[in-house]
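Basis for what follows: all heavy atoms, side chains included, without hydrogens, waters or symmetry-related copies.
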Amino acid sequence: MRGTRLSFGSFGLKSEEAKWLKANQLEAARKVMARFIQRGGKIWMRVFPDKPRTSNGGTKGMGGGRGALSHFVAPVEIGRVIFEIDGLPEATAREALRLGAHKLPIKTRIVSR
């Protein structure tokens with residue numbers, strides 16, 4: 001299965017659940033990790049939210065079409081590496097990934113080479 005092993009970095013954040021992750025959830029996790037490492041290493045985001053979702057509102061009746069674009073999601077399956085990080089000591093990399101994992105609505109695990 002593609003995307004289940006580390007390809008770029010020394011440490012990674014691997015999903016233990018299957019779920020759709022919204023673009024703003026991934027961006028929040030990326031930003032908190034980048035803020036923590038402060039230009040000390042490199043972060044790779046291995047999933048990309050390219051699946052559009054629409055919403056038509058809960059109070060609207062049947063019919064009327066599909067609805068306006070609401071947000072984008074990235075489908076993440078079990079075992080998929082979501083983020084990778086490199087160029088940092090192990091303790092710093094694990095703490096950055098831990099902070100990023102708190103922003104995601106799924107169970108994750110920190111993996112290393």
**Student:** Check K103 against V32 and note the closest heavy-atom contact, atom names and distance.
**Tutor:** CG-CG1, 4.1 Å

**Student:** Enter the distance from E77:CD to E17:CD here, rounded to the nearest 0.5 Å.
**Tutor:** 13.5 Å

**Student:** Output yes when a side-chain donor or acceptor of S15 lies under 3.5 Å from a complementary backbone atom of V81, and no otherwise.
**Tutor:** no

**Student:** Side chains of P49 and K22: closer than 4.5 Å at any heavy-atom pair?
**Tutor:** no

**Student:** If I take atom NZ from residue K14 and atom CG from residue L97, how far apart are they, to the nearest 0.5 angstrom?
**Tutor:** 13.5 Å

**Student:** Any heavy-atom pair between the side chains of I37 and L88 that's under 4.5 Å?
**Tutor:** yes

**Student:** List the steps and the verdict of salt bridge (Lys or Arg N to Asp or Glu O under 4.0 Å) for R94 and E90.
**Tutor:** CA-CA 6 Å; R94 285 186 180 275; E90 182 175 356; 2.9 Å; yes

**Student:** Is there a side-chain contact between H71 and N24 (heavy atoms, below 4.5 Å)?
**Tutor:** no

**Student:** So which atom in P52 and which in L69 form the shortest heavy-atom distance, rounded to 0.1 Å?
**Tutor:** CB-CD1, 3.6 Å

**Student:** Verify, without hydrogens or angle tests, whether R46 (side chain) and R80 (backbone) share a donor-acceptor contact under 3.5 angstrom.
**Tutor:** no

**Student:** Report yes or no: does D86 contribute a side-chain atom to a donor-acceptor pair with the main-chain N or O of I43 at less than 3.5 Å?
**Tutor:** no

**Student:** Evaluate the side-chain proximity of I82 to I106: yes if any heavy-atom separation is below 4.5 Å, no if none is.
**Tutor:** yes

**Student:** Can you tell me how far the CE atom of M45 sits from the CD1 atom of I85, to the nearest 0.5 Å?
**Tutor:** 13.5 Å

**Student:** Taking the side chain as every heavy atom from C-beta outward, state whether E95 and F36 have any atom pair closer than 4.5 Å.
**Tutor:** yes

**Student:** With a 4.5 Å heavy-atom cut-off, do V76 and K19 have their side chains touching?
**Tutor:** no

**Student:** Which atoms form the tightest heavy-atom contact between A74 and L26, and what is the distance?
**Tutor:** CB-CD1, 4.0 Å

**Student:** Give a yes or no on whether F83 and V111 share a hydrophobic cluster (residues Ile, Leu, Val, Met, Phe, Trp, Tyr; joining criterion: side-chain heavy atoms under 4.5 Å apart).
**Tutor:** no

**Student:** At their closest point, which heavy atom of F72 faces which heavy atom of D50, and how far apart are they?
**Tutor:** CD2-C, 4.0 Å

**Student:** Using the rule that Ile, Leu, Val, Met, Phe, Trp and Tyr join whenever any side-chain heavy atoms are under 4.5 Å apart, tell me whether L104 and L99 fall into a single cluster.
**Tutor:** yes

**Student:** If you draw a 6.0 Å radius around CZ in R53, do more than 12 non-hydrogen atoms from other residues or ligands fall strictly inside?
**Tutor:** yes

**Student:** Can you list everything that forms a ring pair (Phe, Tyr, Trp, His ring centres under 6.0 Å) with W20? Sequence neighbours excluded, please.
**Tutor:** none

**Student:** Is there any side chain to side chain donor-acceptor pair (under 3.5 Å) pair reaching into residues 104-113, and which pairs are they, with sequence neighbours excluded?
**Tutor:** E16-R109

